[in-house]
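Have a look at the structure below before the remarks.
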Amino acid sequence: MKLTFWLLDVNYEVVREVPEVRMWGLTPEGKRVVIIDRSFKPYFYVVPKEGTDIGKLIVEVGKLVPKPLRVEAVEKKYFGEPLKVLRVTCKIPAHVPKLREEVAKLKYVKDVLEADIRFYMRYLIDNQIYPCAWHEVTCEPLTNRNKWKVDGVFLASSPPKLIESKNDIPELKVMAFDIECYNPKGTPKPARDPVILIATLNSEGEEKVFIAEGRNDRKLLRNFVEYINAYDPDVIVGYNSNSFDWPYLIERAKKLGVDLSISRTGSPPAQSVYGHYSIVGRANVDLYDFAEDIAEVKVKTLENVAEYLGVKRKEERVTIRGSEIYKYWDDPSKREELIRYVLDDVESTFGLAEKILPFAYQLARVVGLPLDQVGAASVGFRVEWRLMREAYIYNELVPNRVERPYSPYRGAIVLEPEPGIHENVAVMDFSSMYPNIMIKMNISPDTYVPPGEEVEDGEVYVAPEVGHKFRKKPDGFYRKVLSKLLKLRQEIRMAMKNVDPRSPEYRVLNERQKALKVIANATYGYCGWVGARWYKREVAEATTAWGRKIIKETINIARSLGLKIIYGDTDSIFVKHEPEKIREFCKTISDKIDLPIKPDKIYVRVFFTEAKKRYCGLLPDGRIDVVGLEAVRGDWSELAKEVQEEIIKIILKERSPEKAVDYVRKVIKELREGKIPLEKLVIWKTLTKDFEEYEVKAAHVIAARKLIKAGYQLEIGDKIGFIITKGPGGKLADKAEPYILVNDYSKVDVEYYVEKQVVPAALRILSYFGVREGQLISEGKQTSLTDFFR
DNA sequence: GCCTTGAAGTTACCG
DNA sequence: ACCGGTAACTTCAAGGCG
């Protein structure tokens with residue numbers, strides 16, 4: 001029989017000494033199915049040393065233990081060069097690492113390749129099967145003898161085939177969940193503190209709260225497990241669930257002896273690659289992984305992200321300080337509020353899922369990693385999995401991951417801006433500049449010609465400044481991969497024009513083209529990453545070198561046409577908007593440079609200081625862009641950011657520095673009168689390393705120490721919110737207090753906020769207009785007095 | 001011992 | 001566990017002065 005299914009999850013298990021790949025999915029009719037393939041065997045490649053007698057080596061490898069099923073010579077390519085290698089097939093996946101080690105010991109073996117690719121990924125790659133995509137498979141039904149939570153179990157008679165044309169997303173059962181823990185001693189510890197509440201919300205709109213009995217959460221856990229199995233979700237979403245909820249629940253369940261069997265085979269969640277938790281047959285997605293990519297949100301709490309995405313406004317939800325949750329639990333009159341709180345969280349999480357999952361599906365589809373892994377994998381690994389898919393298609397061997405020393409190289413050019421206000425400025429930029437350079441110049445590890453190698457001048461492209469050479473023919477790996485990604489993206493964008501923008505299909509296509517763009521744009525960074533399998537410094541170095549040459553030429557062309565250049569960064573130039581000259585400019589660029597350039601935006605008015613990478617501009621529709629300035633940085637107080645943003649508005653829209661000065665003075669007055677909410681004084685900074693590794697006493701590190709003392713558990717990557725208080729004086733760092741421990745305005749060092757936050761943020765813009773610090777701080781006498789006595 | 005200065009450390013941004 | 005270029009802050013130690 002034939003079966004059509006959408007691939008949700010994949011795993012494997014060895015049954016009666018036969019590895020079986022299990023593909024969990026949905027049919028168009030909404031049946032949950034698992035398709036089993038028992039015909040696939042794990043394998044890896046062996047590269048023999050030059051001049052080796054292949055036949056002898058085959059015999060030798062065949063005698064090793066664990067004994068391989070098969071050893072055969074195959075023709076592959078390695079960095080574009082044909083290479084005869086041995087393909088060693090094993091009985092079960094566990095034999096691969098063992099045999100690999102034995103093989104590596106052999107005298108005539110140069111290298112062992114592709115021995116570190118997980119078995120089920122090997123299967124997906126070799127059969128070009130993609131997560132979150134539809135496939136057709138010829139199979140036979142089996143009896144569901146293990147009582148798996150599916151409507152049908154099937155044995156594949158041949159591997160599934162991707163159906164490229166079917167792009168709809170089946171109706172998935174999504175369940176969001178969130179847990180709250182008892183925390184009288186700071187960060188809750190599963191060995192000590194019970195889970196007091198679990199809230200769930202599913203696609204049917206069903207909302208549940210599981211409530212502990214006093215400090216006893218055994219029944220709560222059991223009911224939660226029972227509920228998951230009863231509802232039987234396809235996708236389980238949480239916020240920070242891979243770092244908090246799952247490990248907490250697992251340890252708690254272990255301690256209480258509660259069976260956490262929630263997978264479709266009846267197994268508990270298990271930690272797996274990239275630190276995510278895998279639930280067999282379902283996709284466990286941590287939405288925090290995707291929230292991390294939202295640059296506009298600086299402190300990525302669930303509340304902040306939900307507000308930004310228009311899911312739930314902060315005013316419409318209950319706010320409880322995380323550290324006080326236990327108080328709401330202990331006080332019966334406050335429990336209802338805590339329940340409302342956990343419901344707000346689960347509703348926000350579900351809302352986030354509606355915004356984020358459609359992109360996650362397409363990212364999984366493009367990258368080829370299972371849905372539950374693709375978010376947890378870093379950008380580098382996402383690119384790499386796409387490359388590994390391509391390598392298979394081109395019969396290329398996948399290079400091993402090797403440790404290399406960091407090796408720096410020059411990057412892009414940033415122009416010195418023309419400070420001041422400019423009217424009517426067009427921003428021209430090269431679209432996908434680096435990918436297009438790599439394609440055009442055929443830059444790739446496999447086309448690279450090392451310095452010693454003889455080659456005709458006409459056969460290679462030579463990178464400016466650095467002199468790296470790349471063969472013009474044949475197409476390099478990166479050229480093939482990137483052209484495909486960009487072409488596919490263009491095709492999708494064309495197709496979108498014929499689709500109703502409100503339709504689900506449009507959304508699918510749009511998310512797909514975004515995923516393609518993300519991967520294409522990350523490929524240059526990937527090739528210069530020392531951890532990359534396809535790393536080659538010369539590839540990255542040549543790409544930026546050509547980028548510099550191109551932007552320089554572009555500047556010259558613009559100048560020669562009489563266009564005034566105001567600024568430029570990497571792949572863009574800002575020029576005075578003169579439509580006639582710009583048309584001419586675009587024509588010349590396409591003639592002489594032959595890379596796509598387009599007007600990105602036109603500013604009605606744009607303002608630059610002397611600094612690079614920091615400016616603000618007014619768009620024709622009245623919106624304002626702020627780039628690089630304090631107002632868009634996460635490590636300035638909300639107050640300083642707000643002041644700067646308001647000044648920018650006044651300057652760009654009303655062109656009145658005087659009004660801006662009055663405004664700043666008003667704010668400073670309010671600040672000194674204690675009328676600014678404490679929350680607006682919080683400064684957030686990330687802990688980027690362990691405490692011992694810090695060489696200087698930075699404010700956020702001192703504040704973090706104080707948090708730990710108060711019982712909080714902190715990790716690398718946590719954002720520390722602190723307020724500068726009057727404290728003992730001396731160093732700033734000693735005056736930094738964790739904001740959750742500050743409740744009293746009288747402790748705030750108001751003058752710090754005046755002098756080191758509001759004034760600098762304001763002057764960043766206003767000093768260009770001749771405004772001085774003294775004009776903002778009117779009570780000069782007081783300041784000088786305190787200065788005198790200090 | 002105090003003050004100035006510049007290097008170093010640190011973070012977050014831009015493209 | 002994608003890159004280099006950049007601004008801006010604070011800390012810290014060296015150097016100058018007396």
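Throughout, a chain's letter reflects where its sequence line sits, starting with A, and its residues are numbered from 1.
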Quick one: Glu630(A) CD to dA7(C) P, roughly how many Å, whole number? 13 Å

Choosing from dC12(C), dT11(B), dA1(C), which nucleotide comes nearest the side chain of His700(A)? dT11(B)

For the side chain of Trp529(A), starting at C-beta, report the closest nucleotide among dC12(C), dC3(C), dG4(C). dC3(C)

Report each atom pair, protein N/O against N/O of nucleotides 1-5 of chain B, whose distance is under 3.5 angstrom.
none

Is the phosphate of dT11(B) approached by Tyr694(A) (side-chain N or O, under 4.0 Å from OP1 or OP2)? yes

Rounded to the Å, how far apart are Trp546(A) CH2 and dG15(B) C1'? 21 Å

Measure the distance from CG on Leu369(A) to C1' on dA1(C) and round it to the nearest whole Å. 14 Å

Distance-only polar pair, side chains of Tyr274(A) and Gln373(A), donor-acceptor under 3.5 Å: no

Please work out if Gly528(A) contacts a base, only the sugar-phosphate, or nothing of the nucleic acid, heavy-atom cut-off 4.0 Å. sugar-phosphate

Regarding Val701(A), tell me which of base, sugar-phosphate or nothing describes its non-hydrogen contacts under 4.0 Å with the strands shown. nothing

The test is side-chain contact (heavy atoms from CB on, under 4.5 Å); show your working for Phe769(A) and Ile421(A) and say whether it passes. CA-CA 10 Å; Phe769(A) 301 94; Ile421(A) 290 209; 4.0 Å; yes

Nearest to side-chain heavy atoms of Arg764(A), which nucleotide of dT11(B), dC9(C), dG15(B): dC9(C)

Is it true that Trp534(A) and Tyr478(A) have ring centroids separated by less than 6.0 Å? no

Taking atom CD of Glu645(A) and atom CD1 of Ile765(A), what is their separation to the nearest 0.5 Å? 10.5 Å

With the side chain defined as heavy atoms from C-beta on, Thr686(A) is closest, among dA12(B), dC14(B), dT10(B), to dA12(B)

Do the side-chain N or O atoms of Lys298(A) get closer than 4.0 angstrom to the phosphate oxygens (OP1, OP2) of dC13(B)? yes

Scan Arg382(A) against the nucleic acid and name what it touches under 4.0 Å (heavy atoms): base, sugar-phosphate only, or nothing. nothing

Distance in Å, Lys536(A) NZ paired with Ile443(A) CD1, rounded so as to fall on 0.5 Å steps: 13.5 Å

Give Ala733(A) one of three labels, base, sugar-phosphate or nothing, depending on what nucleic acid heavy atoms sit under 4.0 Å from its own. sugar-phosphate

Nearest-angstrom distance from the residue atom CZ of Arg404(A) to P of dC2(C): 14 Å

Rounded distance (Å) that lies between atom P of dG5(C) and atom CD of Glu541(A): 11 Å

Strictly below 4.0 Å: does Arg614(A) bring a side-chain N or O up to OP1 or OP2 of dA8(C)? yes

Is the phosphate of dA8(C), meaning OP1 or OP2, less than 4.0 Å from a side-chain N or O of Lys613(A)? no

Does Ala698(A) reach a base, just sugar-phosphate, or nothing at all? Heavy atoms under 4.0 Å. nothing

DNA chain C: 5'-proximal contact among Val414(A) and Val379(A) (nearest heavy atom): Val379(A)

To the nearest 0.5 Å, what is the distance between NZ (Lys300(A)) and CZ (Phe290(A))? 14.5 Å

Which of Lys706(A), Arg705(A), Lys709(A) passes salt bridge (Lys or Arg N to Asp or Glu O under 4.0 Å) with Glu737(A)? It is Lys706(A)

Please work out if Thr544(A) contacts a base, only the sugar-phosphate, or nothing of the nucleic acid, heavy-atom cut-off 4.0 Å. nothing

Over all strands shown, is Val627(A) touching base, sugar-phosphate only, or nothing at heavy-atom distances under 4.0 angstrom? sugar-phosphate

Which nucleotide in dA7(C), dC13(B), dA1(C) has an atom nearest any side-chain atom of Ser378(A): dA1(C)

Look at the side-chain N and O atoms of Tyr406(A) and state whether any lies under 4.0 Å from the OP1 or OP2 oxygen of dG4(C). yes

Write down the distance between NZ (Lys697(A)) and P (dA8(B)), rounded to a whole number of angstrom. 22 Å

When all nucleic acid strands are considered with a 4.0 Å heavy-atom cut-off, which category describes Tyr274(A): base, sugar-phosphate, or nothing? nothing

Do any side-chain nitrogens or oxygens of Thr688(A) fall under 4.0 Å of OP1 or OP2 in dT10(B)? no

Is there a donor-acceptor contact under 3.5 Å from the side chain of Asp571(A) to the main chain of Ser432(A)? no

Without decimals, in angstroms, what is the distance between Ile551(A) CD1 and dG15(B) P? 12 Å

Which nucleotide in the set dG9(B), dA12(B), dT6(C) lies at the smallest distance from any side-chain heavy atom of Arg633(A)? dA12(B)

Examine Tyr461(A) together with Phe470(A) and report whether their ring centres are nearer than 6.0 Å. no

Could you state the atom-to-atom distance from NZ of Lys689(A) to C1' of dA1(C) in whole Å? 17 Å

Is the shortest side-chain N/O distance from Lys612(A) to OP1 or OP2 of dT6(C) below 4.0 Å? yes

Please tell me which of the listed nucleotides, dT11(B), dT10(B), dT10(C), lies nearest to the side chain of Leu732(A)? dT10(C)

Assign each of Lys756(A) and Ser407(A) to its nearest nucleotide of DNA chain C by heavy atoms, then name whichever residue's nucleotide is nearer the 5' end. Ser407(A)

Testing Phe608(A), Tyr603(A), Phe607(A) one by one against Tyr567(A) for a ring-ring contact (aromatic ring centres under 6.0 Å, His included), which residue passes? Phe608(A)

By the 4.0 Å heavy-atom rule, please label Tyr615(A) as base, sugar-phosphate, or nothing. sugar-phosphate

When we call it a touch if two heavy atoms are under 4.0 Å apart, what does Gly525(A) touch: a base, just sugar-phosphate, or nothing? base

